[in-house]
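First up is the structure itself, then whatever we jot down about it.
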Number of protein chains: 2
Amino acid sequence: MTASITDVARAAGVSASTVSRALRGRPGVSEEVRAQIAALASQLGYTASRSASSLASGRTYTIGVVVPYVGRWFFGTVLDAAEREFSAAGYDVLLYNLGSPETRKRFFTKLPVRKRVDAVLSLLIPDEAESAALRSLGVPLASTVGGARPGFTVVGIDDRAGTESAVRHLVNLGHRRIGMISGSSGPLHWTTPVERRNAYLDVLADAGIAHDPALEADGDYTVDGGERAMTELLAAARPPTAVFAQSDEMAMGALRALRRHRLKVPDDVSVVGFDDHELSDVVGLTTVAQPVARQGAEAARLLLRQLDEPEADPPAGQVRMPIRLVLRETTAPPSPRGPQ
Amino acid sequence: MTASITDVARAAGVSASTVSRALRGRPGVSEEVRAQIAALASQLGYTASRSASSLASGRTYTIGVVVPYVGRWFFGTVLDAAEREFSAAGYDVLLYNLGSPETRKRFFTKLPVRKRVDAVLSLLIPDEAESAALRSLGVPLASTVGGARPGFTVVGIDDRAGTESAVRHLVNLGHRRIGMISGSSGPLHWTTPVERRNAYLDVLADAGIAHDPALEADGDYTVDGGERAMTELLAAARPPTAVFAQSDEMAMGALRALRRHRLKVPDDVSVVGFDDHELSDVVGLTTVAQPVARQGAEAARLLLRQLDEPEADPPAGQVRMPIRLVLRETTAPPSPRGPQ
DNA sequence: TGCTGTTGCGCAAGCGTTTGCGTTCATATT
DNA sequence: AATATGAACGCAAACGCTTGCGCAACAGCA
């Protein structure tokens, strides 16, 4: 079997308590004894059992991270950055990938993180019922995308401003028939799609452009969904001359659909995305960039701070990071003859 | 405080042992009592403390997954699939994202997973020293990409065959100056880059093409690296008319470099990648496709099987999944006048 | 009716730590 | 010289479960 604390204690000729204190840097151990214990411990390959120590101390040194889809670029990037912060601070991360509605439901009803984590970071804000479940854990909570929620420290961006910059850009180029590919359906209740939609509607209204429901389609935040949505838009009586996609993945799907329809981008149709996916540059996609990794890192840091100073007031509910429009090659003034 | 097993026991008028047995479906409890306990438990919001139960039972119902870079599409996709299998089987996953050499080293020397996991899945085969460290944990081990290693169940693809199909395709199109963008540098010791390189060299030799070292460059498995590598290749005395990139991300970086050099793909230069990234279709990249998610799922399943039947012989060391060349729009016969 | 099995449950030990408190011993203080 | 003060360490009780064993109650059998 692997060595236990008493093995180390016996080898060092001290008590288990002393070993425990020595290895964790607690006072009450002379430097020589501490050094000797440390040497013995590494020699015996001793690592304290997390189960035992968290049972005894009540602290788990583990953080639960719940992700809607690890495989997607956005969340993968956020997770990567957050994990770095956590592991640098000595915390392990328990990953919960809540891809399907069933696993999502199971997670929030069974709450397998109960008594297992010191805090939880949700990469997408949970709905109110789910949030309540998490609050019942009695640990610090944080989230990245999706708007404010009581009990959560959330770091995100200004979706409204981002969307406005994108849609205004199209308006300024002279487009009047501006479509939108959104990701509002699905089981998740987050505010992002609706905030972006509202901003889209507002910009249109501001520009004196009547809203045409046929110019909206759902792309499910995936490439394939974006392709389907674009195909749908192209089937409209009067197709759009420009489209704003709520994510770069959907925008790329739209690009694919346009190519299949032998439409030129941006000559026939302009496309702007959202996120600045790492491959957007490759396809020359105009998009609104947001600091993805930084959001994950910042959320992690805020959570760690709460863990360090449990007595301090919870940090400001919401942190907003800057966005900016990145102009590339998928947007241009509408062609005089329009698409087709 | 949150409810403990004795709270449930008291409420039900039984002993803690009975609650434990009832909730885990162990024999020795009548159906009525079991039902009553289950009701009480959910009513009290009781969840067994994982620390306590794993301390007592020795099983953690947790699997350690070590990933080189969660943010990369390939690993994110593999992780997604593996996590689904694990969580469906009732296991939690502890994620270790080993991005930098330092975190990697720290992980393998401190081995924070010791006594914390029932098994570990490494998404990239660790080198021999690291593997030895993992073997010392005394738990089942599996890995996805990177070749065989004692003690590991590994599921992967035939890198040689994949590479051959890609390079042969270029040869058959009539190319003679075929460059390669590899990902062999870096701190990781895995066989993939060298296997692919060997296959590349063999195909060239087979075709009677002399190998030109100036036609090889390192792309670090990233988009930016691929761009740099392509730029490097273009600077050669006689630049390639076609290049094989060891990953789609690098291929896309190459595409970007070519665009910046105002070179047409595939007219001036053909490009073929490896992986079939979800966005390869969008850019029309010819590539060798491998079943990414399926590898993660399969590796997870094999690990779970070992956990179920600890006495059974460890499964076959290596599982090979099929690859296939996907022809798209980045490859064509060399132009008579060559690049520039 | 006595015996053997089976079922359903409780007892208590144990899992490997952490931590409050008590003890010892050397040093500083008056 | 007597006493107070700390530092360094050990003791033992938790932490919340699991599990081998024992015991009662009851059924089935001859």
Side-chain angles (χ1 to χ4, degrees), chain A residues 1-38 40-41 44-62 90 92 112-118 138, chain B residues 1-38 40-41 44-62 90 92 111-118 137-138:
Chain A
M1 254 4 266
T2 70
S4 86
I5 199 173
T6 55
D7 296 328
V8 179
R10 198 172 316 126
V14 298
S15 73
S17 347
T18 300
V19 174
S20 172
R21 284 187 269 256
L23 260 21
R24 291 176 311 130
R26 285 280 136 78
V29 183
S30 70
E31 266 320 311
E32 324 144 53
V33 174
R34 188 189 302 278
Q36 191 205 353
I37 289 177
L40 248 2
L44 295 177
Y46 169 74
T47 307
S49 155
R50 260 322 215 292
S51 310
S53 70
S54 59
L55 180 57
S57 71
R59 296 207 58 172
T60 65
Y61 282 98
T62 299
D92 283 339
V113 287
R114 168 157 287 156
K115 302 176 194 168
R116 280 208 84 174
V117 299
D118 292 341
Chain B
M1 255 359 265
T2 70
S4 87
I5 198 174
T6 55
D7 296 328
V8 179
R10 196 171 319 123
V14 298
S15 73
S17 348
T18 300
V19 173
S20 171
R21 283 187 270 254
L23 260 22
R24 292 177 309 131
R26 287 276 185 282
V29 183
S30 70
E31 265 322 309
E32 324 143 52
V33 175
R34 186 189 303 277
Q36 192 205 350
I37 289 176
L40 248 1
L44 295 177
Y46 169 75
T47 307
S49 154
R50 259 324 214 291
S51 313
S53 68
S54 58
L55 180 58
S57 70
R59 296 207 57 173
T60 65
Y61 283 99
T62 299
D92 283 338
L111 275 187
V113 288
R114 170 158 285 156
K115 302 177 194 166
R116 279 207 85 176
V117 300
D118 292 341
L137 296 174

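Proteins get letters first, then strands, A, B, ... in listed order; numbering begins at 1 in each. This one's a predicted model, so the numbers in the text were calculated from it and none came from an experiment.
Remark: B:Leu137 CG to B:Asp118 CG distance equals 11.5 Å, nearest 0.5 Å. Within the model, atoms OG of A:Ser53 and CZ of A:Arg24 stand 8.0 Å from one another, a figure rounded to the nearest 0.5 Å. The NZ atom of B:Lys115 sits 4.0 Å away from atom OG1 of A:Thr2, with the distance rounded to the nearest 0.5 Å. Atom CD1 of A:Ile5 sits about 12.0 Å away from atom CG of A:Leu44, to the nearest 0.5 Å. In this structure, the separation between CZ on B:Arg50 and OG on A:Ser51 is 10.0 Å, given to the nearest 0.5 Å. Atoms CG and CG, from A:Asp7 and A:Leu40 in turn, are 10.5 Å apart once rounded to the nearest 0.5 Å.
B:Lys115 has no side-chain polar atom (N or O) that falls below the 4.0 Å cut-off from OP1 or OP2 of C:dC15. Between C:dT17 and A:Tyr46, a contact under 4.0 Å exists linking OP1 or OP2 to a side-chain N or O.
For A:Ser49, the listed nucleotide lying nearest its side chain is C:dG16; candidates were C:dG16, D:dG16, C:dC9.
For DNA chain C, the neighbouring residues in residues 12-31 of chain A, judged by any heavy atom under 4.0 Å, are A:Ser17, A:Ser20, A:Arg21, A:Arg24, A:Arg26.
A straight line from OH of B:Tyr61 to P of D:dT18 spans 10 Å, rounded to a whole angstrom. Distance B:Arg114 CZ to C:dT17 P: 12 Å, rounded to the nearest Å. Between the CG atom of B:Leu55 and the P atom of C:dT17 there is a distance of 9 Å, rounded to whole Å. Note: CZ (A:Arg59) to P (C:dT19) measures 10 Å, nearest angstrom. Atom CD1 in B:Ile5 sits roughly 14 Å away from atom C1' in C:dC9 (whole-Å rounding). Rounded to a whole Å, the CZ atom of A:Arg10 is 14 Å from the P atom of D:dG10.
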Stepwise side chain to side chain donor-acceptor pair (under 3.5 Å) check, B:Asp92 with B:Thr62: CA-CA 5 Å; B:Asp92 283 338; B:Thr62 299; 5.0 Å; no
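In terms of heavy-atom proximity, B:Ala12 sits nearest to B:Ile37 at CB-CG1, 4.1 Å.
B:Ser20 and B:Ser17 share no side-chain donor-acceptor pair at under 3.5 Å.
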Dot-bracket line, read 5' to 3' along DNA chain D, where crossing pairs take [ ] and | marks a partner on another strand, Watson-Crick or G-U under 3.5 Å: ||||||||||||||||||||||||||||||
